[in-house]
Structures are given as C-alpha cells and as structure tokens.
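I have placed the structure first, in the form of structure tokens, so that the comments after it can refer back to it.
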Amino acid sequence: MSARANILGKLRNSLAGTTPRPDEFDERLVTAPWRYAPEDRIDRLRSLMEAVHTEVHQCRSDNWPELVAELLNKRNLTNLLCAPSKEHGRALQAYFEATEQKVELLAYDQPVEAWKEELFWNVEASLTGTLGGIAATGTLVLWPDRNEPRLMSLVPPVHIALLKASEIHDNLYDMMVAQDWAAGLPTNVLLVSGPSKTADIEQVLAYGAHGPRELIVLVLEDA
Amino acid sequence: MSQRIPVTELTPDFRGRAEEALADGQLRNNFRVAMDSLMTKRANAFPDADEREGLRELGNRIKAGALSRLPDLLEQLEQKLTENGVKVHWAETVEEANSLVHGIIEARKGSQVVKGKSMVSEEMEMNDYLAERGVECLESDMGEYIVQLDNEKPSHIIMPAIHKNARQVSKLFHDKLGEPETEDVNQLIQIGRRTLRRKFMEADVGVSGVNFAIAETGTLLLVENEGNGRMSTTAPPVHIAVTGIEKVVPNLRDVVPLVSLLTRSALGQPITTYVNLISGPRKPDELDGPEEVHLVLLDNGRTGAFADAQMRQTLNCIRCGACMNHCPVYTRVGGHTYGEVYPGPIGKIITPHMAGLDKVPDHPSASSLCGACGEVCPVKIPIPELLQRLRQENVKNPEQPQQVKGGGAKYSRTERWIWRGWQMLNTRPALYRSFLWAATRFRVLAPKKAGPWTENHSAPVPARRSLHDLAARHLDQNGGRPS
Amino acid sequence: MSQLFYDAAPNATRVSPEREADRHYPEKPEAVTLFGTCVVDLFFPEAGLDAIRLLEREGVRVHFPQEQSCCGQPAWTSGYRDEAKAVARAQLDILDQSGLPVVVPSGSCGGMFRHHYPALFADEPDTLKRVEALAERTFELTEFLLEVCRVQLADRGAPSKIALHTSCSARREMNTHLHARELLQQLEAVERVDHDHESECCGFGGTFSVRMPEVSGAMVKDKTRSLIDSGAVEMVTADGGCLMNINGSLEKQKESFRGRHLASFLWERTNGDNAGEVA
C-alpha cells in the first residue's frame with residue numbers, strides 16, 4: 001500500500017458514517033468591519049503603510065516620473081530596474097531620456113540564471129506596477145509576470161511601487177471576489193505590506209531583513 | 001551539523017529542565033519581556049471583542065469544515081496542484097518524508113539547500129538527515145539561522161530565538177562568523193542579511209513550509225515578514241514545500257479570515273509584510289521562479305489524532321503561537337524545557353500523537369489549567385479540555401487498549417488507590433464528617449511537611465471547626481431563618 | 001467546553017460551542033443551598049459562615065446540607081474520571097433533594113458544576129438533564145449577591161487599599177472578576193488597586209501545585225511579589241484554592257502581607273462587628 005492510500009484510508013475510516021459539515025463561511029465577518037468611504041481609502045492605506053516604515057507619495061500620472069528621479073537622486077542610487085515593455089516603464093524611460101538623468105535604467109528581460117550575480121549584488125532599486133491595493137491592511141497586490149518577474153520586487157534594496165488610486169479596494173475579500181481570483185491564479189500572487197523586516201532578536205524591529213530595506217509607494221490619484 | 005540542544009541532552013525530564021530554566025534569570029527575563037510584549041500586541045490588534053470572537057468562530061468553523069471532509073480535500077488539492085504543474089508526494093513518517101526530499105535533491109545533484117521557516121521540517125529533523133547525506137541545509141529565517149548557528153532548536157514556533165538577547169546573538173556571531181561584537185540589532189540583522197544573500201543565490205533547492213494549502217485553486221500560501229520565504233521559494237531552481245496534511249482549506253476565500261487570525265494572534269500585525277501565494281513552477285514564458293515545485297504531505301501521527309473526534313480538534317491549529325505567548329508556564333520555563341519540536345500548550349496536545357504520550361508523560365500535568373491558551377486560540381481549540389483528556393489517558397491501565405499513542409505511562413496502582421480512598425471519603429457523608437471532626441480537633445497534629453506542597457508553602461493547618469460545624473450551629477441558632 | 005458535543009455522532013468533527021449569551025438572572029429566591037466547598041470547609045470555614053450571613057442579610061434563607069463534601073474537581077483535573085464522577089453524582093443527589101438554587105463561595109467549584117459536570121455525565125442522558133438543571137441554578141457567591149440579590153453594600157470600615165485576585169477558572173468560566181470588582185466598588189472607603197499581571201494564574205491549579213512544584217512555586221512567588229508591590233494592604237479573593245496557595249506561600253516567605261476571602265472582607269466592612277469570628 002502506498003503512503004497516499006494509507007493516509008486517505010485512515011482518514012476515511014475515521015469519518016465513517018459522518019457527513020461533511022456545511023459551509024458556514026460568513027462574508028460579513030471579513031467585509032463589514034473593513035469598509036471605507038472611497039475618499040478615505042488612500043488615507044487608510046497610507047497611514048497603515050507608513051506605520052510600517054513605508055514611504056507613501058500621492059502624485060499624478062503626469063508627474064510621477066519626476067518624483068522617481070528625485071527619490072533616486074536623493075538616495076544617490078545609480079541604477080533602477082524597470083519594465084520597458086510596460087506603459088509605466090516606457091513613461092519613465094521617456095522622462096529619464098528627456099531630462100538626461102544619470103540613473104541607469106535596467107530591464108529584467110532575460111531568465112534570472114543569465115544574470116543572477118548582477119541582480120543580487122548590483123541592482124540598487126526597482127520599480128513595478130501593482131494589481132491594486134487593500135485599504136483594510138495597507139497592502140499592495142502584485143501579480144508578477146514575464147514583464148515584471150517575481151524577484152524584481154524582492155531582491156533590489158529599494159522597491160518603488162505604482163498604485164492607481166482607483167484600484168484600492170476596501171479589503172482582500174472584496175478584491176478577490178471582484179476580480180474572481182478563484183477562477184485561476186498566476187504562478188505567484190504577492191501581498192506586500194511594507195519593506196522586509198524582522199523582530200527575531202529581542203523583538204526589536206529591524207528593516208531590510210532579506211528583501212527591500214525601503215518600500216516606496218506612489219499613489220496615482222488621477223488613475 | 002548536530003541539531004540537538006544541550007539542555008535536552010543533560011536533563012531527561014520536564015521537571016528537571018524546568019528547574020534549570022527557572023534558575024536562569026536571564027532566560028526568564030528574556031521570555032517574560034517578550035511574552036508581555038506579544039500579549040500586548042495581540043490585544044491591540046483586536047480592539048473590538050465582538051469582531052474578534054466572530055472571526056475566531058469563523059476560523060473554527062472553516063477548520064472543522066475542512067477536517068470533516070479532509071480526505072476529499074486532500075485529493076482535490078493534489079489534483080489541482082498537479083494540474084498546475086506541482087508534484088505532490090505523500091509521507092506517513094518523517095523517515096519517508098526525509099527520503100522523498102533527499103530523493104528530489106539527489107535527482108538535481110543538489111548540495112546546498114536554503115530553508116524558509118518550517119516547523120514540519122523541524123519535526124522531520126531534516127537538517128540532520130540531509131547533513132548526514134552530504135547536503136548542507138541552511139536556515140534562512142533570522143531566528144532559525146541564529147539557533148542553527150548555536151546548534152540549538154527553536155524555543156518558540158514563531159520567534160525561534162526569543163530565548164536569546166542581543167548580547168548573546170552578538171557573541172554568537174562573533175564566535176561563529178568572526179564578526180565584530182555589537183548589540184545594535186540593526187547591525188546584527190545586516191550581518192545575517194549579507195551571509196544569507198549569497199546562500200539564496202547559490203542554493204540548488206529551497207525548502208519551505210506552508211501556512212494554508214488551498215484545494216480550490218491548488219495554491220500554497222506562506223506568510224512571513226523577512227522575505228526569506230519568498231527568496232527560498234523563488235530564487236533556487238527547485239522549491240520543495242513540506243506540510244502536515246491538516247493544512248488544507250477548501251476555498252481561496254477561506255484564507256482571508258485565517259490569515260487575519262494568524263498574523264494578528266501571532267504578532268499583533270494586521271497582516272504580515274509578505275503573503276505569498278504559489279500556484280505552480282515557472283511557466284515557459286516566465287523569467288524566474290523555480291523550474292520544479294514539490295509538495296510533501298506529511299502524516300506523522302496526524303491520522304492518529306484525527307481518529308479521535310475530541311483530539312481531532314488539535315488539527316485545527318494554524319501555528320500562531322498565541323497559546324504559548326499567553327501561557328504562564330511557558331513564560332517561565334521557555335520552549336526548550338518541553339524538549340520537543342512544539343513547545344507550550346499546543347505542543348502538549350499535539351506531541352503525544354507524534355511521539356507518543358509515554359515520551360512526554362509530564363506534559364499534560366505541566367499546566368494549572370488556567371485556560372489562557374484556550375481563550376486566545378484563534379481557531380478555538382479547547383486546549384484545557386484536551387489537556388484534561390490526556391491526563392485521563394496518562395493514568396489508564398497500560399494493559400488496557402489505549403486510545404492515545406503511548407497512553408498509560410503515568411499509571412500507578414498506588415495513586416489509583418489514593419483516589420479510590422478520596423472517592424470513598426467524599427461519597428460517604430458520615431465518613432467525611434468524621435474526617436472533618438478529626439482534622440479540626442487534632443489540627444495541632446497536622447504534619448509540618450506535606451510533600452511538595454511545603455516546598456513552596458507553610459504547612460496547611462485545618463481550622464478549629466469545619467464549616468459543617470459552624471453552619472450547623474449557626475443555622476440551628478437561627479432556626480434556619482434569616483438572621 | 002465538551003458538553004455541547006454529547007449529542008453529536010461519536011466520530012463527527014467537532015466545532016466550538018456557540019458563544020454563551022449573557023446569563024439571565026432570576027428573581028431573588030426565598031432560599032438557597034450553600035455548597036461550602038472542601039477547601040473552605042476545612043481551611044476557611046469563617047468565609048463560608050460570612051457567606052451565609054451575607055445571604056441571610058439579603059433575606060435569603062440558607063440551607064447547608066450536612067451530606068455535602070467536595071465537588072470532585074481534584075480527581076477530574078488529575079485524570080481520574082470515574083472517581084470524580086462518583087463524587088459528582090453524590091453531590092448532585094444531595095443538591096437535587098431540595099432543588100434550591102446553589103450558591104458557591106468559590107469560583108472554580110462553581111465552574112465545576114456549571115461547565116464540567118455536563119462533560120462528566122455526557123454519556124448518561126437522564127443524569128445529564130439533572131446536571132444541566134444544576135448548572136442553570138448554580139451561582140458563584142459574588143455573582144449571586146450582585147446579580148440576583150442586587151445587593152447594596154454600605155461601607156462601615158476605615159479607608160483601605162486592597163488588591164483583588166480572581167481564580168482563572170472563575171474569571172474565564174464565571175466572569176467572577178467583574179462581579180467582585182463591582183461589589184468592591186460599592187464600598188466607599190475601599191480603593192481597589194491593580195497589581196502587575198493581575199489576570200495571570202497564581203500557580204495553584206489544584207494538583208498542579210504538587211505535581212509541578214518548581215513551576216507552580218515560581219508562579220506563586222511572582223504573584224505574591226506583585227501583590228505586595230501593588231501598594232495594597234491586603235488581598236481579597238473569592239476562591240479558596242488560590243487563597244490557600246497565596247497565603248501559604250506568603251507565610252513560607254515570612255511576608256506579613258495576607259489575603260482573605262472576599263465574603264469575610266465584605267461582611268466585616270458592612271457589618272461593623274469583627275467578621276470571621278470562629279467560635
């Protein structure tokens with residue numbers, strides 16, 4: 001007998017003569033306490049994210065690249081990983097070229113094996129889009145894909161994320177249902193609620209454990 | 001690399017280890033401070049008692065619902081994961097699980113494993129198993145890394161190195177890594193970051209645990225704050241997840257309340273920094289992520305717990321650690337005193353099914369049944385009730401068939417007779433009253449030493465007259481009327 | 001608590017019981033039975049007598065069946081179910097003779113009647129009905145005074161500062177800490193001060209105190225330290241077990257600080273005479 005058959009057999013034997021319990025999920029419990037007026041969503045997300053060391057900026061579709069340049073220059077960063085295949089990547093590239101920024105724009109356009117060393121040690125910052133945000137917990141939702149792969153938001157020490165205000169949902173449940181996640185998930189879905197941190201020594205919070213030391217969120221208020 | 005902790009080698013029994021821990025002022029202080037802080041954080045994370053209680057009840061219903069159709073869910077999970085390209089393996093014992101993991105590593109000719117935090121891999125003692133076969137298995141959670149470096153085991157399921165303070169970590173990093181001493185926690189963490197970053201990059205295989213396995217979508221969900229979980233499951237070419245069979249939930253939406261309960265109960269966080277939902281290996285057009293993803297489903301005694309409807313409730317556990325944070329016994333003796341992978345109240349009720357009650361015969365008694373654990377459990381496991389049940393199993397006649405593995409270890413004919421005598425005294429009113437009469441009249445003869453009681457207390461001296469006497473006289477005088 | 005599962009299929013997957021609704025309290029009865037508890041019986045009988053006096057002052061007749069002994073808790077928490085059940089059955093028979101409401105001057109024993117007897121008799125449907133009726137009419141003393149008698153205490157004592165300790169089972173199974181606090185609040189000249197880790201267990205836990213004396217001893221030492229450091233002049237508690245544990249430890253440590261039973265404290269404060277006078 002295989003382990004599988006043994007395990008399933010034992011479990012079935014222990015349940016003999018019983019019926020499965022009914023589904024008692026009550027969506028009110030995970031939505032009602034977490035509803036916000038549309039105009040309060042940004043504030044809620046912002047205050048929660050700031051409480052865990054995230055820098056949040058409210059800006060517009062036409063001025064965010066300028067802000068990115070400013071943020072990078074302030075930190076003396078020399079390169080930024082972004083996706084030229086995406087609309088926001090192109091916008092950034094155009095702005096950087098037009099204003100002759102010194103920051104080098106890098107693209108994640110080859111399998112990680114081809115440039116792991118460089119990605120892990122030389123990339124200083126990255127910029128990605130998001131699928132949306134969650135006001136209840138101060139969370140960004142990322143669905144990495146070919147253009148913005150999984151390690152892009154994890155390995156560089158600074159991660160800048162673009163969040164459209166119109167895509168901030170009240171709570172995770174609402175977002176899942178609205179976008180019908182259950183119908184099919186990508187390889188990896190990420191909920192990100194701040195920069196990497198640990199409290200494993202004496203419960204003292206330290207940021208930049210293994211992932212980004214800094215998370216910067218740009219909320220596009222008109223998008 | 002040996003994973004044995006010196007403390008458990010030196011002192012074989014719970015009481016002995018407890019005595020040593022209690023005498024260690026530094027250790028006691030480290031735990032008291034940490035547990036106080038975790039209790040406060042949890043309380044602050046649930047400001048609304050109604051909301052909290054509603055959510056706990058929902059958590060309980062989801063887990064109970066899942067258990068009530070566990071075999072079907074496991075099959076559904078397997079099917080969905082397989083469709084998603086994840087290979088599913090089943091193991092009845094830790095030996096089988098280890099051998100499966102080693103087989104996967106061997107097939108890739110791997111020699112370096114980097115591990116995210118996983119209590120199931122601790123159950124398996126995977127590090128030892130792989131080390132013996134020439135595979136280096138490095139812990140990447142900061143706390144786990146610290147205890148591994150010191151050849152210890154975790155003392156807490158969420159905060160593995162909570163028994164150490166910054167000074168102790170600094171000395172450890174100095175001794176083992178040659179780093180300059182510093183008590184600045186930020187600097188200590190940066191030492192860990194540098195060391196482990198290279199390992200993430202070089203590792204052949206990443207191993208992780210699973211917080212929830214979602215049958216509906218074939219998804220493995222992991223929560224974490226550090227990013228080591230994401231690293232371990234994304235950077236190496238192979239990802240092996242190991243988990244107990246009880247971690248499966250029916251629907252994706254179920255994780256909304258469960259994650260909220262988990263992170264708020266464990267650390268007082270509304271959500272962890274990262275919630276990582278993995279539904280498969282790298283697709284042909286993707287540029288990173290592991291080429292292979294495996295899931296090892298481990299039994300290790302869980303089907304035994306499942307067979308007993310009362311003990312089945314132990315499988316509700318979502319491993320938040322709130323029960324230990326709130327336990328007055330754990331707070332005083334720390335996790336290593338328990339001598340097992342899972343310490344604290346939850347450890348006491350799940351270890352018997354894994355190791356056998358006869359391996360941990362003192363655990364059920366190491367509780368004042370104060371009820372703090374049951375009060376905070378996010379999935380409402382009636383921990384005190386289950387401890388009481390194990391006490392019954394402990395004292396059963398070992399010659400009778402046992403309902404819990406290793407039951408009857410504390411059977412004592414003498415103690416059984418003492419309780420029979422106690423029963424006689426308390427069911428025969430004339431006898432009981434004679435006892436009261438004698439105990440109060442001859443109170444001066446009360447022994448000055450009363451076994452372990454007088455280690456901590458003065459000898460108990462009965463009153464001059466029992467309440468039976470006082471009440472009879474009082475009610476007689478008043479003719480039973482209100483005075 | 002397990003009592004809610006007695007009608008489920010034996011191998012059905014269990015859920016936690018529905019949350020208990022706020023307890024509905026009856027009108028003040030003419031008479032009650034006092035269940036003294038074994039610890040009070042032998043070590044703190046004056047507290048039991050003061051409980052009788054407090055009840056009588058509220059116009060409630062008190063019965064004290066001489067056949068009563070112990071609620072059965074020590075054997076139950078030690079794993080000796082059959083022995084606990086035999087003793088529980090004896091008490092049930094005695095308390096059912098009059099069928100009067102039962103008042104218990106000890107929260108953990110009251111909790112035994114209300115929450116653990118149903119688990120003990122889960123397999124005896126007929127007895128279970130009687131057990132449920134007993135649970136329904138069992139009240140912890142402070143709860144009964146406050147919620148059923150709606151007592152109004154007139155403080156006649158000198159200003160004093162006290163700390164309150166509540167047994168864990170009473171706190172979690174009976175909400176006794178809230179009742180006791182409210183009663184103490186009625187005493188004008190009494191200031192109740194909080195003590196560090198007030199809700200934490202004193203380390204008694206019945207036989208835990210002798211099975212695990214090292215851990216139990218550490219717990220009671222911490223408890224006595226925080227009581228002494230609280231600035232209170234004495235401690236009151238409505239549980240005999242905790243009282244025996246805390247006072248025994250204080251005496252062993254040669255500390256002068258002491259605790260006493262809440263019933264005695266209330267009677268002394270409100271009667272004007274010396275309370276707890278033992279003939």
Side-chain angles (χ1 to χ4, degrees), chain B residues 15 18-19 22 53 57 60-61 64 67-68 309-310 312-313 328-329 332-333 365-371 375 380 382 385 388 391-392 394-395 419-420 422-423 426-427 429 432-433 436 439 451-453 455-458 460 462-468 470-472 474-475 480-483, chain C residues 1-2 10-16 19 36 40-45 48-49 52-53 56 59-62 64 66-67 69-70 75 77-81 83 86-87 90 168-169 172 200-201 203-205 208-220 244-245 248-249 251-252 278-279:
Chain B
R15 278 182 64 184
E19 212 175 343
L22 289 166
E53 292 310 304
E57 205 161 276
N60 175 273
R61 298 299 187 272
L67 292 176
S68 77
Q310 193 181 15
R312 190 180 301 159
Q313 296 172 95
V329 174
R332 283 176 180 78
V333 302
S365 308
S367 161
S368 65
L369 296 178
C370 78
E375 187 177 60
K380 301 190 90 166
E385 179 193 310
Q388 222 152 293
R391 290 181 183 188
Q392 289 171 40
N394 233 347
V395 299
W419 286 110
R420 288 272 158 77
W422 172 90
Q423 174 190 331
N426 285 288
T427 48
Y432 181 75
R433 282 204 297 276
L436 285 179
W453 177 260
E455 286 173 28
N456 298 313
H457 306 85
S458 58
R464 271 174 287 187
R465 292 291 178 272
S466 69
L467 178 58
H468 271 73
L470 296 185
H474 174 88
L475 297 174
R481 284 182 308 276
S483 51
Chain C
M1 286 296 125
S2 54
N11 60 341
T13 303
R14 296 178 181 185
V15 291
S16 63
R19 266 175 287 165
V40 166
D41 206 355
L42 197 55
F43 296 105
F44 309 105
L49 197 58
I52 295 177
R53 290 174 173 139
E56 286 178 340
V60 176
R61 213 150 26 94
V62 179
F64 188 93
Q66 286 286 317
E67 297 81 7
S69 56
C70 167
T77 57
S78 297
Y80 291 87
R81 186 191 175 95
E83 290 78 359
V87 171
C168 301
S169 44
R172 300 202 167 88
E200 197 170 79
C201 177
F204 179 57
F208 169 69
S209 57
V210 289
R211 288 184 205 277
M212 291 279 159
E214 301 82 10
V215 187
S216 170
M219 286 164 72
V220 72
M244 189 164 75
N245 184 42
S249 168
E251 201 178 321
K252 174 92 175 182
V278 180

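Keep in mind it's a predicted model, so treat the numbers as computed, not measured. So you know, we letter chains A, B, ... as the sequences are listed, proteins then strands, and number each from 1.
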What distance separates [X] [atom1] from [Y] [atom2], expressed to the nearest 0.5 Å?
X: Thr427(B); Y: Glu83(C); atom1: OG1; atom2: CD; result: 10.5 Å
X: Ser367(B); Y: Phe208(C); atom1: OG; atom2: CZ; result: 7.0 Å
X: Arg391(B); Y: Arg211(C); atom1: CZ; atom2: CZ; result: 7.5 Å
X: Arg61(C); Y: Leu475(B); atom1: CZ; atom2: CG; result: 10.5 Å
X: Leu467(B); Y: Leu49(C); atom1: CG; atom2: CG; result: 7.0 Å

Side chain, backbone, both or neither: which part of [X] has a non-hydrogen atom closer than 4.5 Å to chain C?
X: Arg312(B); answer: side chain
X: Ala18(B); answer: side chain
X: Leu22(B); answer: side chain
X: Val333(B); answer: side chain

Answer whether the closest heavy-atom distance between the side chains of [X] and [Y] falls below 4.5 Å.
X: Trp453(B); Y: Lys252(C); answer: no
X: Gln388(B); Y: Thr77(C); answer: yes
X: Met212(C); Y: Pro452(B); answer: no
X: Tyr432(B); Y: Cys70(C); answer: no
X: His457(B); Y: Val210(C); answer: no
X: Ser466(B); Y: Pro45(C); answer: no

Open item on the list: Ring centres under 6.0 Å, that's the criterion: do His474(B) and Phe64(C) meet it?
Closed with: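 Ring-ring flag for His474(B)/Phe64(C): false, centres at least 6.0 Å apart.
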Open item on the list: Between Glu214(C) and Arg332(B), does any side-chain N to carboxylate O distance fall below 4.0 Å?
Closed with: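 No, Glu214(C) and Arg332(B) are not salt-bridged.
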- [ ] Run the salt-bridge test on Arg172(C) and Glu375(B) with the 4.0 Å N-O cut-off and return the result as yes or no.
- [x]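 Yes.
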Open item on the list: So which residue, Ser458(B), Ser68(B), Ala64(B), ends up with the most heavy-atom pairs under 4.5 Å with chain C?
Closed with: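 Counting heavy-atom pairs under 4.5 Å, the top option is Ser458(B).
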With chain B, which of [options] has the greatest number of heavy-atom pairs at distances under 4.5 Å?
options: Ser169(C), Gly203(C), Gly205(C); result: Gly205(C)
options: Val220(C), Val40(C), Val87(C); result: Val87(C)
options: Ala75(C), Gly217(C), Ser209(C), Gly36(C); result: Ala75(C)
options: Ala90(C), Pro213(C), Ala86(C); result: Pro213(C)

With a 3.5 Å distance limit and no angle check, can you tell me whether [X] reaches the backbone of [Y] through a side-chain donor-acceptor pair?
X: Asn456(B); Y: Ser216(C); value: no
X: Arg61(B); Y: Val15(C); value: no
X: His468(B); Y: Gln66(C); value: yes
X: Ser69(C); Y: Asn426(B); value: yes

Open item on the list: Once side-chain contact (heavy atoms from CB on, under 4.5 Å) is applied, do any residues pair with Arg81(C), and if so which ones, sequence neighbours excluded?
Closed with: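 Partners of Arg81(C) by the side-chain contact (heavy atoms from CB on, under 4.5 Å) criterion, ordered by chain and then number, come out as Gln392(B), Trp76(C), Leu120(C).
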Task: Region of Glu200(C) that comes under 4.5 Å of a non-hydrogen atom in chain B - done: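 The side chain, not the backbone.
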Open item on the list: Taking ring pair (Phe, Tyr, Trp, His ring centres under 6.0 Å) as the definition, give me every residue that meets it alongside Phe204(C), ordered by chain and number, with sequence neighbours left out.
Closed with: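 By the ring pair (Phe, Tyr, Trp, His ring centres under 6.0 Å) rule, Phe204(C) matches no residue at all.
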Open item on the list: Could you walk me through whether Gln313(B) and Thr13(C) satisfy the side-chain contact (heavy atoms from CB on, under 4.5 Å) test, starting with their C-alpha distance in whole Å, then the side-chain angles of each, then the deciding distance to 0.1 Å, before giving a yes or no?
Closed with: CA-CA 8 Å; Gln313(B) 296 172 95; Thr13(C) 303; over 6 Å; no
- [ ] Can you see which heavy atom on Asn60(B) is nearest to which on Ser16(C), and at what distance?
- [x]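 That would be OD1-N, 3.0 Å.
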